[in-house]
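Here's the structure we're looking at; comments come further down.
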Amino acid sequence: MLSIALSKGRILEETLPLLKAAGIVAAEDPETSRKLIIPTSRADVRLIIVRATDVPTYVQYGAADLGIAGGDILTEHGGNGLYQPLDLKIARCRLMVAVRKDFAYEQAVQSGARLRVATKYLQTAREHFAAKGVHVDLIKLYGSMELAPLTGLADAIVDLVSTGNTLKANNLVAVEEIAEISARLIVNQAAFKLKRDVIPPLLDDLRRAVK
Ligand code: AMP
């Protein structure tokens, strides 16, 4: 049995067509089903529905053989125990620094000001600002980062930007790109070695589907 860990939302929406092209169709719509383990058209493959940030953890410990996770989440996780053999080129977006329209970010950086930055991505943000030599106090948030500069919680945020509509609707502007992000297929290292008969062919099918 092969278990594939997936999260609901953008990744699921864009992954289902790829899985279908690889011959794997969910028996129920994972978006609306309350089931957390969903069988597929292949008797030896099941989907495990977890929170996006938990996907690498399930795969790392082998509770799932494979998973699909955003590059943002993989960088935060650190990638221990995982292979990342395939960029699926889905759920594409950019990890950006954003501030209120009226906040002079460049000026603050150049004057050596200490910035308060709110983000879900502590590790990535810490590395980014350290590399730039900018002093920051990082504030961990779990969602709605856009609210932080509007309420005075932070000067800046580090968040994912896709269309830019959310920033715009909240009078924020992106001032710096940290990374381009897309979702990747991850594989448990032990499973990759033990399940040689099933994982590499599935990888080939998915690679073709991505193309
Ligand atoms: P947008 O308004 O299209 O720029 O989308 C921004 C909002 O969607 C922010 O709250 C982001 O955290 C979230 N977001 C954008 N792209 C992604 C993605 N690929 N995966 C998860 N969340 C995303």
Show every ring pair (Phe, Tyr, Trp, His ring centres under 6.0 Å) that has at least one partner inside residues 175-194, sequence neighbours left out. Tyr83-Phe192
Hey, are the side chains of Val97 and His128 touching, using non-hydrogen atoms and a 4.5 Å cut-off? yes
If you draw a 6.0 Å radius around [atom1] in [X], do more than 12 non-hydrogen atoms from other residues or ligands fall strictly inside?
X      : atom1 : value
Tyr58  : OH    : no
Lys211 : NZ    : no
Lys20  : NZ    : no

For the atom pair [atom1] ([X]) and [atom2] ([Y]), what is the distance rounded to the nearest 0.5 Å?
X      : Y      : atom1 : atom2 : value
Leu206 : Ile199 : CG    : CD1   : 11.5 Å
Ile24  : Ser41  : CD1   : OG    : 7.0 Å
Arg126 : Leu138 : CZ    : CG    : 6.0 Å

Picking from Arg46, Lys193, Lys195, what satisfies salt bridge (Lys or Arg N to Asp or Glu O under 4.0 Å) with Asp65? Lys195
Consider side chain to side chain contact (heavy atoms under 4.5 Å, CB included). Of Leu150, Leu147, Asn165, which one does Asn170 pass it with? Leu150
Any salt bridge linking Arg42 with Asp44? Criterion: basic side-chain nitrogen under 4.0 Å from a carboxylate oxygen. yes
Under the ring pair (Phe, Tyr, Trp, His ring centres under 6.0 Å) test, which residues partner Tyr105, sequence neighbours left out? none
Main chain of Leu185, side chain of Gln84: is a donor-acceptor contact present, judged purely on distance under 3.5 Å? no
Determine, step by step, whether Thr124 and Glu76 satisfy the side chain to side chain donor-acceptor pair (under 3.5 Å) criterion, reporting the C-alpha distance in whole Å, the side-chain angles of both residues, the deciding distance to 0.1 Å, and the verdict. CA-CA 6 Å; Thr124 314; Glu76 280 297 303; 2.8 Å; yes
Which is it for Ile157 and Leu172 under the side-chain contact (heavy atoms from CB on, under 4.5 Å) test, yes or no, and what are the steps along the way? CA-CA 10 Å; Ile157 58 171; Leu172 302 174; 4.2 Å; yes
